[in-house]
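All chains are named by letter (A, B, ...) in the order of the sequence lines, taking the proteins before the strands, and each is independently numbered beginning at 1.
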Amino acid sequence: MAATRPRSVITSLLGATQPQSGLRVCGWARSVRKGKGVAFVALNDGSCLAHLQIVITEDLANFAEVTRAGTGACFEVIGDLVASPAAEQQWELQAAKVTILGAADAEYPLQKKRHSFEYLRSVAHLRPRANTFGAVFRLRSALSFAVHRFFQERGFLYVHTPIITTNDCEGAGELFRVTTLDPRHPPLVDGQVDWSQDFFGEKAGLTVSGQLQGELFATAFSDIYTFGPTFRAENSNTSRHASEFWMIEPEVAFVDLAGICQLAEDFFRYLVQYALDHCREDVRFFDERVAPGLLDRLQQLAQTPFGRMSYSDAIEHLQRSGRDFAFPVTWGSDLQTEHERYLTEEVVGGPLFVTDYPKDIKAFYMRLNDDNKTVAAMDLLVPRVGEIIGGSQREERLPLLEQRLAEYDIPVESLDWYLDIRRWGSCPHAGFGLGFERLLMYLTGMENIRDVIPFPRTPGQARF
RNA sequence: UCCCUCUUAGCUCAGUUGGCAGAGCAUCUGACUGUUAAUCAGAUUGUCGCUGGUUCGAGCCCAGCAGAGGGAGCCA
């Protein structure tokens with residue numbers, strides 16, 4: 001293997017401006033077409049959606065072997081980049097030497113045809129080699145970088161909030177338990193598990209949100225964000241929920257609800273524009289093969305301002321709609337999926353902030369409004385995906401926060417450290433959480449969260 | 001967790017009133033001097049999800065179980 005020669009990346013070869021000789025290219029065969037005396041291999045190295053056509057002629061010593069290698073095999077090719085005489089591609093690689101690095105036989109699960117996403121999920125260890133998943137994971141990588149770029153350009157501090165937490169009451173769902181106790185013989189006190197003998201000396205679990213720790217850092221660095229994995233042990237079986245997912249949570253001091261909505265809108269639009277600017281080929285692929293109309297929708301979104309509507313106005317809209325909803329619309333109950341879809345898809349026809357929800361259906365840390373009935377909360381709803389961002393202005397007034405904790409039966413001692421930032425140097429602050437996978441669903445048009453995360457974890461499923 | 005649907009060849013799927021298990025693609029063999037998920041000709045491929053029941057006879061009807069998908073709730 002001529003490893004000393006540098007490897008040329010296919011995406012840069014396809015954009016070449018002139019022929020080049022003596023190149024070394026490596027990749028996986030997507031198809032091998034054999035004619036008399038000549039064969040063509042469509043080679044992909046993951047650097048882009050497009051394949052590089054390798055031209056192999058009969059005079060190569062291992063011509064028969066190479067043309068038998070078939071779909072899925074891994075090749076190293078030494079050859080010259082030349083203008084292609086055929087119409088389908090500008091450049092092709094005329095092979096001088098082909099080495100089969102790894103053969104693939106007929107059992108190879110990915111064939112040169114379209115597979116269902118359900119089937120590809122069952123071979124999630126190989127699906128990155130499929131066109132759609134190549135596009136998904138290139139976009140995922142690019143957008144991860146875009147998230148950091150957006151915040152770093154604005155001087156936000158990136159903070160690594162803990163994965164293991166001992167907060168049992170973050171108000172965001174069930175935690176996965178983290179323990180080193182012997183499940184067959186846990187230490188007992190009065191018939192109950194004695195968590196004080198566990199590894200951390202108390203009950204611990206995986207984080208459901210970095211928000212509370214994010215707030216601590218916001219009261220020191222003013223503008224911060226987190227971007228990391230989040231875990232929820234909810235028995236949710238839907239196309240929009242996963243047990244392990246990635247969340248982006250900015251927390252900003254000295255802004256109110258309107259300010260945090262503006263940040264969320266700028267952020268979301270930035271990410272859409274980034275995908276259009278940097279992942280054009282992949283987005284176009286999704287538009288053609290996965291979700292027709294996607295490109296227009298994204299281009300439009302990058303320009304139009306988002307709608308804003310208070311919860312109370314939303315209720316009025318729904319009540320006046322004349323629609324026969326499965327769930328009744330009354331002030332004080334939460335908006336159902338059907339209501340959210342009506343508002344974002346039919347009333348506004350684009351992303352919509354719904355703000356100022358009744359306090360009883362929202363978390364304890366959200367700031368009480370002057371009407372004493374609502375809190376300074378916001379959800380960003382988008383067509384097709386639904387709720388993509390949830391955020392709020394946080395309650396910075398200690399007595400009011402303590403009162404809210406009491407209403408939720410949360411012992412004050414368990415969150416004394418959280419209350420401390422209200423005791424000393426408290427300030428108005430606000431933040432939100434964006435589900436990274438839901439963002440990717442919106443950007444790709446993929447309809448199942450399991451298909452935008454490399455190895456999905458859902459109830460009953462943690463394979464690979 | 002609840003409701004609905006699905007499970008047949010490696011993949012995608014058809015299978016009539018309960019009466020011999022099918023097609024396309026893939027694979028294999030052959031043909032073709034440049035193909036574009038090549039094309040053309042031929043060939044191979046089955047625990048009909050599992051367990052039980054009804055019946056002379058079950059892929060088809062019934063029951064249970066398992067897995068998957070869609071919807072709902074919870075949320076990001």
Side-chain angles (χ1 to χ4, degrees), chain A residues 29-42 44 50-58 67-68 70-72 82 84-89 92 94 104-123 130-131 170-174 208-211 227 229-249 264 289 326-327 333-338 340-341 361-363 379-382 385-391 432-442 447-453 458-461 463:
Chain A
R30 287 297 170 76
S31 83
V32 179
R33 295 181 292 272
K34 184 174 166 258
K36 190 173 173 99
V38 64
F40 304 92
V41 176
N44 187 288
H51 310 141
L52 176 65
Q53 171 155 287
I54 311 294
V55 183
I56 301 168
T57 48
E58 217 168 10
T67 53
R68 231 181 296 118
T71 302
V82 298
S84 177
E88 296 285 321
Q89 62 275 317
E92 64 186 22
Q94 186 70 48
D105 62 15
E107 302 293 303
Y108 181 61
L110 301 183
Q111 295 169 4
K112 48 183 176 185
K113 64 166 204 160
R114 209 175 176 123
H115 291 285
S116 68
F117 292 144
E118 289 84 351
Y119 171 70
L120 290 169
R121 244 169 257 155
S122 74
V123 288
N131 286 339
E170 293 183 359
E174 289 292 307
V208 296
S209 164
Q211 181 199 315
F227 182 13
T230 305
F231 308 90
R232 306 239 172 126
E234 303 284 349
N235 191 9
S236 292
N237 293 286
T238 83
S239 55
R240 305 183 310 282
H241 291 86
S243 310
E244 176 183 298
F245 63 100
W246 284 62
M247 190 152 64
I248 299 139
E249 296 178 286
R289 303 289 286 273
F327 289 84
S333 54
D334 211 350
L335 298 178
Q336 304 294 315
T337 298
E338 56 173 345
E340 295 181 345
R341 292 192 64 149
I361 57 173
K362 287 291 179 182
D379 283 349
L380 179 63
L381 312 178
V382 297
V385 175
E387 185 181 338
I388 199 165
I389 285 177
F432 65 82
L434 168 69
F436 189 52
E437 284 74 20
R438 291 194 181 169
L439 170 77
L440 292 173
M441 288 169 75
Y442 189 82
E447 291 184 339
N448 197 309
I449 197 168
R450 297 171 183 90
D451 297 329
V452 294
I453 190 165
T458 52
Q461 178 60 265
R463 212 177 153 224

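- Of the candidates B:U35, B:G69, B:U12, the closest approach to any side-chain atom of A:Y119 belongs to B:U12.
- As judged by a 4.0 angstrom heavy-atom cut-off over every strand, A:Q336 is placed among residues touching the sugar-phosphate backbone only.
- Set against B:U1, B:U35, B:G70, the side chain of A:R33 has B:U35 as its closest nucleotide.
- In the set B:A76, B:U12, B:U1, B:A76 carries the atom at the smallest distance from any side-chain atom of A:M247.
- Ranking B:C75, B:U35, B:G70 by closeness to the A:N448 side chain, first place goes to B:G70.
- With rounding to the nearest 0.5 angstrom, the CG atom of A:N448 is 4.0 Å from the CZ atom of A:R121.
- At the heavy-atom level, A:H115 lies under 4.0 Å from the strands shown only through sugar-phosphate atoms.
- Listed candidates were B:C75, B:U35, B:A68. Nearest to the side chain of A:R240 is B:C75.
- Residue A:R33 places its CZ atom among more than 12 non-hydrogen atoms of other residues, nucleotides or ligands, all under 6.0 Å distant.
- Among the heavy atoms of the strands lying under 4.0 Å from A:T337 are primed sugar atoms or P, OP1, OP2 only; no base atom is included.
- Comparing atom distances between the A:V38 side chain and each of B:C11, B:C75, B:G34 picks out B:G34 as nearest.
- Across the protein-nucleic acid pair, A:I388 atom CD1 and B:C75 atom C1' stand 13 Å apart, rounded to whole Å.
- Residue A:A87 is the one, among A:R438 and A:A87, whose nearest nucleotide of RNA chain B lies closer to the 5' end (criterion: closest heavy atom).
- Heavy atoms of A:S116 sit under 4.0 angstrom from primed sugar atoms or phosphate atoms, though from no base atom.
- Each of A:G460 and A:E437 was matched to the nucleotide of RNA chain B holding its nearest heavy atom; the match closer to the 5' end belongs to A:G460.
- In this structure, the nucleotide among B:A26, B:G34, B:A68 sitting nearest to the side chain of A:Q111 is B:A26.
- With B:G34, B:C75, B:C32 as the candidates, the nucleotide lying closest to the side chain of A:V55 is B:G34.
- Using a 4.0 Å heavy-atom cutoff across all strands shown, A:S236 reaches at least one base atom of the nucleic acid.
- Of the inter-residue distances, the one linking A:Y108 atom OH with A:T71 atom OG1 reads 8.0 Å to the nearest 0.5 angstrom.
- Counting any heavy atom pair closer than 4.0 Å across all strands shown, A:L439 reaches no nucleic acid atom.
- Among the atoms of the strands shown, base atoms are found under 4.0 Å from some heavy atom of A:A242.
- Set against B:G73, B:G70, B:U12, the side chain of A:S239 has B:G70 as its closest nucleotide.
- Taking the six-membered ring wherever Trp is involved, the centroid distance between the rings of A:F231 and A:F245 does not fall below 6.0 Å.
- Within the 4.0 angstrom heavy-atom criterion, base atoms lie near A:E92.
- A heavy-atom distance below 4.5 Å is not found between the side chains of A:T230 and A:E244.
- Across all strands, A:Q53 comes closer than 4.0 Å to base atoms (heavy-atom distances).
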